[in-house]
Amino acid sequence: MKAPVLLSLPVPDLFSFDECLWFLDRGLDDCMHRVQDGYLYKALDTGQGRLLFQLGCREGQLQVTLPAGEASVFNLQYLSGYIREWLHLDAGLQPFYRKLESVKSLAYMTTAFRGLRLPAINSLFEALCWSIIGQQINLTFAYKLKRRLVEHYGTSITAGNVTCFIFPEPAALAGAEEAVLREMQFSRQKINYLVALAAAFEAGVMDRSRLDALPSFADRQQALLQLKGVGVWTANYVLMKSLREPGSIPHGDAGLLQALVAHGIMKDRKDLAAAERLYRKFKGWESYLVFYLWRSLAPRT
DNA sequence: TTCCAGGGGTTAG
DNA sequence: CTAACCCATGGA
């Protein structure tokens with residue numbers, strides 16, 4: 001049986017559902033969403049109940065159906081806002097594409113990746129946990145660790161043959177036992193970071209609204225850097241991926257350096273001046289530049 | 001075998 | 001202040 005379409009969102013210019021879908025389904029086994037038969041599935045807690053939604057794209061409209069959960073007015077409004085933020089529907093990418101076209105070695109991206117948006121990690125807590133998990137290990141292993149964490153401390157919703165997980169609440173992780181996380185192959189360091197981070201959220205020392213209230217990028221970055229386990233890379237990654245700062249660069253990122261060298265922008269990984277020159281050209285669009293450079297590292301399909 | 005992955009903290013000099 | 005070391009696993 002087929003659930004009715006409950007919500008339609010018009011697709012903006014320079015948006016490709018397929019490109020976004022491809023990125024979200026790179027074969028890395030991300031447990032926070034599911035891609036199946038051209039649809040995107042995700043579970044979340046709206047604050048007035050948990051639900052699992054299906055997102056598809058037909059005739060220039062993003063269409064939302066609800067295989068599990070209540071289709072209240074509140075939930076539908078929450079979903080609409082959630083999806084706009086998740087897939088960055090309100091962004092106009094034209095200025096970014098003009099900048100790409102001005103750099104010879106990057107111009108191909110405007111056609112190769114046309115319409116690709118930066119999918120957000122809407123939850124600040126989840127984004128911080130994820131970036132700490134992903135530090136210094138390969139992505140395959142990082143996704144494995146995240147899945148073990150989420151399947152143990154999070155919750156799930158199943159509808160038909162689709163199961164989606166909801167990321168653990170800070171309270172659940174704050175009370176996590178070290179031995180359990182060790183069994184999952186987390187390092188002692190990361191266990192300490194994650195549990196302390198969860199405690200900070202639970203105590204209300206850190207949260208999204210607190211960061212949003214700060215006046216500048218530097219202030220928000222500073223606030224994040226106070227957390228143990230959060231250095232410049234992690235802070236800037238989270239600012240880019242969760243807070244949607246347009247000009248955030250995860251300096252020192254291995255993949256970023258690799259892509260800059262591969263495109264002939266840096267002579268080698270130490271040629272920081274060349275990278276700086278490129279960043280200046282992309283003022284206000286540095287986050288998207290980094291994201292498209294990451295995208296370029298993936299194997300062609 | 002060795003080196004490096006979407007780093008960061010701690011300690012030594 | 002910078003450098004060396006540690007963490008943890010897996011892919012190349």
Side-chain angles (χ1 to χ4, degrees), chain A residues 22-33 113 116-121 123-150 152 167 176-200 206 221-245 247-263 265-266 268-270 272 275 278-279 286-299:
Chain A
W22 181 90
F23 179 77
L24 290 168
D25 189 32
R26 284 168 295 170
L28 287 168
D29 191 33
D30 194 329
C31 60
M32 297 315 300
H33 57 262
F113 311 147
L116 174 64
R117 305 274 163 151
L118 169 59
I121 301 172
S123 154
L124 174 62
F125 177 62
E126 181 188 330
L128 278 162
C129 290
W130 170 233
S131 56
I132 288 170
I133 291 170
Q135 288 171 4
Q136 194 52 24
I137 54 177
N138 65 65
L139 281 179
T140 310
F141 184 48
Y143 278 103
K144 215 181 282 183
L145 287 176
K146 181 167 77 164
R147 177 174 286 281
R148 290 173 188 157
L149 183 82
V150 169
H152 190 275
F167 199 78
E177 303 242 0
E178 174 165 356
V180 176
L181 292 169
R182 283 293 297 152
E183 183 73 17
M184 296 179 192
Q185 296 182 291
F186 281 85
S187 69
R188 291 170 218 284
Q189 268 178 327
K190 287 185 181 176
I191 293 171
N192 290 335
Y193 297 158
L194 291 172
V195 172
L197 177 69
M206 171 60 65
Q221 186 194 45
Q222 268 312 115
L224 289 171
L225 289 173
Q226 302 309 308
L227 299 163
K228 286 289 181 192
V230 176
V232 171
W233 180 87
T234 304
N236 288 10
Y237 176 86
V238 167
L239 286 163
M240 160 186 163
K241 221 24 208 173
S242 192
L243 298 191
R244 284 221 178 277
E245 290 283 354
S248 191
I249 303 165
H251 291 287
D253 180 84
L256 174 58
L257 293 175
Q258 189 188 328
L260 288 171
V261 172
H263 285 84
I265 289 167
M266 300 171 85
D268 55 55
R269 285 171 178 245
K270 293 190 301 183
L272 298 179
L278 181 69
Y279 297 153
E286 294 94 329
S287 296
Y288 258 91
L289 171 64
V290 170
F291 178 56
Y292 271 50
L293 284 167
W294 279 341
R295 168 68 181 86
S296 74
L297 295 172

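Proteins come first, then strands; the chains are lettered A, B, ... in the order of their sequence lines, and each starts at number 1. Keep in mind that this is a model prediction, so the values were computed, not measured. Values below: every heavy atom of this structure, side chains too, minus hydrogens, waters and symmetry copies.
- In this structure, the CG atom of A:Asn192 is 10 Å from the P atom of B:dT10, given to the nearest Å.
- Contact annotation: A:Ser187 side-chain N/O to C:dT9 OP1/OP2 distance is not under 4.0 Å.
- Between A:Glu178 atom CD and A:Glu183 atom CD the span is 12.5 Å, to the nearest 0.5 Å.
- Between A:Val230 and A:Arg269, the residue anchored nearer the 5' end of DNA chain B, judged by the nucleotide with its closest heavy atom, is A:Arg269.
- Each of A:Thr140 and A:Gln135 was matched to the nucleotide of DNA chain C holding its nearest heavy atom; the match closer to the 5' end belongs to A:Gln135.
- Remark: the separation of the P atoms in C:dA4 and B:dC3 is 14 Å, to the nearest Å.
- Of all non-hydrogen atoms in A:His33 and A:Leu24, the two that sit nearest each other are NE2-O, 2.6 Å.
- A:Lys144 and A:Asp29 are not joined by a salt bridge, as no carboxylate oxygen comes within less than 4.0 angstrom of a charged side-chain nitrogen.
- Rounded to whole angstrom, the span from the CG atom of A:Leu139 across to the P atom of B:dG7 amounts to 9 Å.
- Put simply, NZ on A:Lys144 is 14 Å from C1' on B:dA5, counting in whole angstrom units.
- Residue contacts for A:Arg26: at a heavy-atom cut-off of 4.0 Å it reaches a base atom on one of the strands shown.
- Counting non-hydrogen atoms under 4.0 angstrom, A:Gln189 reaches a base of the nucleic acid.
- Atom C1' of nucleotide C:dG10 and atom CZ of A:Arg148 are separated by 12 Å, given to the nearest angstrom.
- Distance CG/A:Leu256 to CG/A:Leu297: 9.0 Å, rounded to 0.5 Å.
- Computed from coordinates, the A:Asn138 CG to C:dG10 P distance equals 8 Å when rounded to whole Å.
- Separating the OH atom of A:Tyr193 from the C1' atom of B:dG7 is a distance of 8 Å, rounded to the nearest angstrom.
- Between A:Gly229 and A:Ile132, the closest heavy-atom pair is O-CG1, 3.9 Å.
- Among the heavy atoms of the strands lying under 4.0 Å from A:Lys228 are primed sugar atoms or P, OP1, OP2 only; no base atom is included.
- We find that CD1 of A:Ile132 is positioned 13 Å from P of B:dG7, with the value rounded to whole Å.
- A straight line from CG of A:Leu197 to C1' of B:dG8 spans 14 Å, rounded to a whole angstrom.
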